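Here's the structure we're looking at; comments come further down.
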Protein chains: 2
Amino acid sequence: MNQPFEPIRLEPAYRKVAAALIERITARSFNSGDRLPSETALAQQFGVNRSTVREALRELQTAGLLTRSRGSKLMMVTRPQADHVANSVSRALVLHDVTFLHVWESMSMFEPLIAEAAAKRRNDTDLALLQQAQESFVLHKEDTARCVHHVAEFFGVIAAASHNPVLVLAQEPLIQLLEPSLGAMIDRVAQARSRIVAAQRRLSEAIRERNADDARTWMAKHIRDFRRGYEVAGIDLEVKIKV
Amino acid sequence: MNQPFEPIRLEPAYRKVAAALIERITARSFNSGDRLPSETALAQQFGVNRSTVREALRELQTAGLLTRSRGSKLMMVTRPQADHVANSVSRALVLHDVTFLHVWESMSMFEPLIAEAAAKRRNDTDLALLQQAQESFVLHKEDTARCVHHVAEFFGVIAAASHNPVLVLAQEPLIQLLEPSLGAMIDRVAQARSRIVAAQRRLSEAIRERNADDARTWMAKHIRDFRRGYEVAGIDLEVKIKV
DNA sequence: GAAGCTGATATTGTCGGACAATCAGCAATT
DNA sequence: AATTGCTGATTGTCCGACAATATCAGCTTC
């Protein structure tokens with residue numbers, strides 16, 4: 001008789017509603033692009049108040065499962081976009097006191113392998129996007145914010161070229177965390193821009209020729225270069241990243 | 001005068017409130033473990049209705065920034081836990097039609113390097129946890145659900161031993177996605193359990209001795225083994241993972 | 001027939017108030 | 001000292017309301 005009872009957990013209604021909706025979406029009963037029923041309709045169907053439904057909707061919205069296209073009233077079911085998910089991952093990492101060194105180490109581990117996979121599996125569309133990102137960087141060399149954005153784009157295109165959604169999603173938060181400081185680095189290190197241009201050229205060349213080894217090694221160099229850039233710029237790698 | 005106006009976006013109040021709260025938390029004005037003011041207090045401070053505050057709170061809750069400790073009424077500020085964040089990442093991946101092959105490929109890329117980092121940086125606590133996970137697996141060999149859970153734990157401990165939060169968070173969703181099917185595999189493949197035990201022993205040995213090379217290669221073998229297990233069990237690797 | 005305008009309708013965002021359930025802390029009781 | 005009962009604070013949920021505006025059908029115009 002010494003057996004303790006399991007703690008009985010009663011979930012609030014808004015959580016149940018959210019769970020029910022999520023279940024429907026992941027089971028593909030709602031397809032991406034479909035419009036959700038109106039709040040009042042949902043409230044009626046679930047037999048709860050509209051306020052309760054609204055609280056549930058906030059949850060789905062935060063999870064990236066619902067979006068409203070620019071200034072529109074209707075809510076659309078959608079597949080969570082990489083940048084949205086990565087956003088909350090980034091925030092989590094910041095709150096876990098992640099440092100530049102942590103991020104850099106992870107990138108030096110992952111990126112070469114991602115580049116290798118991209119070289120093996122890229123298709124023509126990937127190549128076009130890659131070249132476009134590359135050209136955009138050169139074109140906006142002067143505008144720091146913009147060219148940093150194109151560096152991020154370049155990495156994103158490479159990950160996408162691997163045709164493995166896991167790699168895309170794993171990489172995105174790293175880029176997000178690095179982006180702000182990357183601007184500072186580029187501004188302080190004279191040759192940074194030209195070195196990036198050179199690395200991108202080698203990389204896209206290797207990927208175009210499906211040369212996995214070259215892609216890997218050039219990416220490894222590229223990442224090492226970033227670290228040197230940070231050191232030259234006098235950015236402490238052990239410092240915790242802020243938002 | 002040709003400059004087009006930027007689309008003016010008017011954010012709803014619940015989003016502004018959420019943003020304000022998130023800003024406070026990431027800026028460490030609220031520390032982990034602090035409890036949030038009551039909903040009515042927040043409503044007064046922000047000058048909005050309590051319903052609006054509640055919608056904002058749902059967002060923070062979903063992001064893992066707020067938790068309620070078991071059946072307690074008070075909301076606690078907290079650092080997003082890995083499993084919570086990984087949950088939404090997993091869901092996102094599922095909705096992006098991720099296959100077992102995608103997950104396996106990512107693990108075969110990441111895990112050996114993670115094991116290598118763990119071997120280099122593990123401390124005594126990590127070792128103890130590793131051994132504990134290892135023993136738990138052996139102890140519950142019969143209970144499939146439980147021993148799968150301990151496989152996940154083993155991987156988690158290795159990632160933690162790298163002392164790089166990025167690696168911990170990058171790995172978690174992969175394990176989560178694999179966990180259910182891993183049970184099916186283990187049940188169908190006779191020697192699966194013993195092979196896992198052997199691999200875990202080699203791995204923790206390598207990590208104990210800080211032998212990075214061994215850790216890497218044994219992990220690589222371990223991961224390859226998983227794939228063979230899936231194939232033997234007749235699980236189609238190209239199939240999309242469901243929740 | 002296509003394109004543009006118009007007004008009715010539906011939907012969202014926000015508010016105020018209300019009430020039951022229950023959790024925390026304190027007083028009373030044994 | 002430990003247990004029980006009480007009280008106030010807090011959450012979960014509901015109802016009803018209203019302004020702003022997105023949507024859509026119908027009408028007008030070319």
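Letters go in sequence order (proteins before strands), and every chain restarts at 1. Just so it is clear, the model here is predicted, and its values are computed rather than measured.
- Phosphate contact (OP1/OP2 of D:dG12, side-chain N/O of A:Y14, threshold under 4.0 Å): present.
- Neither OP1 nor OP2 of D:dT13 sits under 4.0 Å from any side-chain N or O of A:N49.
- Within the 4.0 Å cut-off from OP1 or OP2 of C:dG13, not a single side-chain nitrogen or oxygen of B:S51 is found.
- B:Q171 places a side-chain N or O within 3.5 Å of a backbone atom of B:F155 that can act as its donor or acceptor partner.
- A close approach under 4.0 Å does not occur between any side-chain nitrogen or oxygen of A:R58 and OP1 or OP2 of C:dT12.
- Nucleic acid contact for A:R15: none, since no nucleic acid atom lies under 4.0 Å from a heavy atom of the residue.
- For B:F100 and B:Y230, the ring centers are positioned less than 6.0 Å apart.
- For B:R68 against C:dT22, no side-chain N or O and base N or O form a donor-acceptor pair under 3.5 Å.
- For the pair A:G47 and A:R50, nearest-nucleotide mapping onto DNA chain D gives the more 5' position to A:G47.
- Inspection of the B:T144 and B:R193 side chains reveals an N or O donor paired with an N or O acceptor under 3.5 Å.
- No hydrogens or angles were tested; on distance alone, nothing pairs the side chain of A:K73 with the base of D:dT23 as donor and acceptor under 3.5 Å.
- For the OP1/OP2 pair of D:dT11 and a distance below 4.0 Å, the side-chain nitrogens and oxygens of B:R54 include no atom meeting the criterion.
- Looking at heavy-atom distances under 4.0 Å, B:R35 makes no contact with the nucleic acid at all.
- A:S72 has a side-chain polar atom (N or O) that falls below the 4.0 Å cut-off from OP1 or OP2 of D:dT23.
- Judged purely by atom type and a 3.5 angstrom limit, A:H150 has no side-chain atom pairing as donor or acceptor with the backbone of A:K141.
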